[in-house]
There are 2 protein chains.
Amino acid sequence: MTIHPDHLLSFVALVQTGSVSGAAQSRFLTQPAMSNQLKRLQESVGMPLYRRKGRGVQLTGVGEDFYIHALKVQQSMQALNSFADELHGLQAGRIYLSASQTIAGSLLPAALVSFHQRYPQIEVFVDSLNSQQVFERMEHHDLGLVESPLPSSVPECCTVVHLGEDKLVAVMPKHHPLAVSSSITLAQLDAYPLIWREQGSGTRDILEREWLKATGKPPRIQLCMGGVSAVLESVRQGLGIGMVSQFCLPTGESMLTTRPLHPQLLRPMSLLQPSHTSPLAKKLVDFLVPYLKSRLYSNLP
Amino acid sequence: MTIHPDHLLSFVALVQTGSVSGAAQSRFLTQPAMSNQLKRLQESVGMPLYRRKGRGVQLTGVGEDFYIHALKVQQSMQALNSFADELHGLQAGRIYLSASQTIAGSLLPAALVSFHQRYPQIEVFVDSLNSQQVFERMEHHDLGLVESPLPSSVPECCTVVHLGEDKLVAVMPKHHPLAVSSSITLAQLDAYPLIWREQGSGTRDILEREWLKATGKPPRIQLCMGGVSAVLESVRQGLGIGMVSQFCLPTGESMLTTRPLHPQLLRPMSLLQPSHTSPLAKKLVDFLVPYLKSRLYSNLP
DNA sequence: CATCAAACATCATTATTTATGATGCCAGAA
DNA sequence: TTCTGGCATCATAAATAATGATGTTTGATG
């Protein structure tokens with residue numbers, strides 16, 4: 001029957017995003033969880049604080065007043081968190097991060113923008129490498145992000161956090177004949193020109209193996225482009241169909257569409273941190289793990 | 001890894017009471033629960049905020065600074081709660097409460113003092129009655145407190161909240177010969193002059209029944225006083241041994257001591273609220289239930 | 001006007017968190 | 001030294017919250 005402070009933070013997020021699902025995203029929760037929190041809050045207050053309104057929600061009169069008070073709580077919480085950060089002397093500094101190409105080019109930029117809003121003084125340097133190189137550099141870098149099965153040679157030097165599964169999809173022009181299918185088999189793809197990644201790419205490795213399993217023969221690789229963006233551009237030009245991580249399409253992409261492969265091709269995505277992480281890097285970990293997990297579970301970019 | 005707002009409230013309570021167990025009481029938790037919350041808080045902050053010091057704890061330097069911030073959070077939470085209360089127009093008003101004599105004279109005063117600190121404008125009127133009368137008055141009063149088995153005639157009109165078990169004890173002068181025993185049987189008491197409550201008292205009812213069961217004969221009642229305080233004063237005067245609820249001894253009582261009976265005599269203590277409780281009475285319920293429960297479970301006044 | 005898509009609520013289940021009671025330990029008082 | 005009051009730790013039990021699936025409403029689209 002008492003007001004839970006956590007619910008207040010969710011309510012502030014609701015007001016600031018203007019929608020329940022928006023608030024859920026900003027707090028790294030699912031939409032039902034957020035709905036539940038707000039329901040509980042209103043029960044404990046004893047009055048409705050908002051109503052559904054079109055594509056979002058609108059505050060009631062009471063809700064407006066309530067927000068003023070809730071905001072004070074949220075701000076003093078924020079002040080306290082800043083204070084706690086200062087204790088560790090981590091207002092400013094640098095973090096060196098290695099990530100595989102797919103991650104560095106898709107999920108990571110948006111994540112780091114959010115992180116930078118929260119900690120403007122912390123600089124993050126990203127190296128875009130292939131998975132093997134990421135492992136090698138763990139001794140010199142603070143953090144690593146890979147999307148491949150882990151080699152057995154990692155165990156001692158660093159901790160591994162499993163973030164979720166990355167799914168490979170076929171990417172093609174919006175009006176491509178295959179776009180009518182809801183999912184696509186490798187055998188189907190065989191009839192069309194395909195665009196492959198360069199040799200050494202983890203994405204290409206798994207595709208070659210699965211291709212062999214599915215069709216009984218190695219793929220005939222005619223077009224091969226270095227890097228994800230090169231593949232996408234080739235697809236836009238109508239050169240063929242590409243296969244990339246589900247997260248690789250730029251936001252706002254209007255010419256291309258993706259279809260899931262069948263059966264699904266999944267790769268574990270993991271975060272690597274050295275045994276003795278700096279407080280600075282720990283902050284980034286605390287931020288990235290829930291951020292990336294929520295993106296991976298909901299399969300949304 | 002994030003700071004939980006709830007933990008902050010516990011930390012503020014720690015500072016204000018000066019001890020872990022004190023903070024636990026003020027938040028109606030057990031001591032291990034409070035210890036755990038404070039441990040988690042310090043883990044998430046990454047630094048110790050206090051150290052054990054004699055009969056309590058002492059803040060570290062960081063703890064002092066941290067408290068300033070935590071206090072701000074607690075105060076804005078408090079402001080928000082006041083606002084929520086105003087929404088229901090319950091800054092002021094009256095609550096009529098019926099309670100059995102034992103409760104009205106022992107647990108309730110301290111509880112209402114705490115309640116009054118929180119809601120100074122709310123007046124609570126207590127009627128001290130016997131259990132049967134409490135049930136009868138539920139139609140006209142807002143709340144009831146009894147410590148007897150419930151009659152079967154209550155079900156429809158009001159909700160019953162079980163609070164815990166009340167234990168009867170023998171009360172005697174500090175240097176009474178029986179005070180050397182750690183617990184006392186009814187058969188032992190038979191050898192001493194006893195002081196009984198008046199007829200109609202729920203406490204006397206259960207004692208008479210149990211006396212018959214334990215000794216095979218009804219008690220010979222020589223001294224009979226009206227009301228708990230009369231019984232206690234008689235004991236102080238050396239007239240005999242009394243039997244009352246464990247909570248009946250005034251705080252700071254220096255002449256008397258109590259010993260548990262064997263086997264234990266327990267009675268359920270319950271709160272009764274009418275079907276449609278006023279928001280005002282609901283506030284009191286929300287306060288009394290955890291308050292009384294924690295007192296009953298820990299068997300402490 | 002009918003259909004579609006987006007956003008929120010609800011539900012049953014699972015997972016996580018939290019509190020509890022018992023126990024052990026340490027410091028200060030007798 | 002022994003005893004007492006207060007805090008930490010532990011295993012277990014209870015309460016709470018999150019999830020994924022599903023149903024419902026609203027605004028947009030053809």
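Note on naming: letters A, B, ... go to the chains in the order of the sequence lines (proteins, then strands), and numbering restarts at 1 for each one. Below, all heavy atoms of this structure are taken into account, side chains as well, without hydrogens, waters or symmetry copies.
Counted within 6.0 Å of CZ on B:Arg40, heavy atoms from surrounding residues, nucleotides or ligands total 12 or fewer; the atom is thus considered open.
Projected onto DNA chain C by closest heavy-atom contact, B:Gln31 and B:Arg40 fall at different nucleotides, the more 5' of which corresponds to B:Arg40. Take the nearest nucleotide of DNA chain D for B:Ser35 and for A:Pro32: the residue whose nucleotide is more 5' is B:Ser35.
The phosphate of C:dC8 (OP1 or OP2) has a side-chain N or O of A:Ser21 nearer than 4.0 angstrom. OP1 or OP2 of C:dA7 has not a single side-chain nitrogen or oxygen of A:Ser19 nearer than 4.0 Å. Note on B:Tyr50: a side-chain N or O is less than 4.0 Å away from OP1 or OP2 of D:dA8. Contact annotation: A:Thr30 reaches the phosphate of D:dT19 (side-chain N/O to OP1 or OP2, under 4.0 Å).
Residue B:Ser35 forms a side-chain contact (heavy atoms from CB on, under 4.5 Å) with just one option from B:Lys39, B:Gln37, B:Gln31, and that option is B:Gln31.
Of all nucleotides listed (C:dC8, C:dT18, C:dA19), C:dT18 comes nearest to the side chain of B:His7.
As judged by a 4.0 angstrom heavy-atom cut-off over every strand, B:Phe28 is placed among residues making no nucleic acid contact.
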#### Entry: Base versus backbone protein contacts along nucleotides 23-30 of chain D [heavy-atom cut-off under 4.0 Å; B, S, -]
--BSS---
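One axis for each end of the helix from C:dC1-D:dG30 to C:dA30-D:dT1, each built from five base pairs, and the angle between them comes to 30° at 10° resolution.
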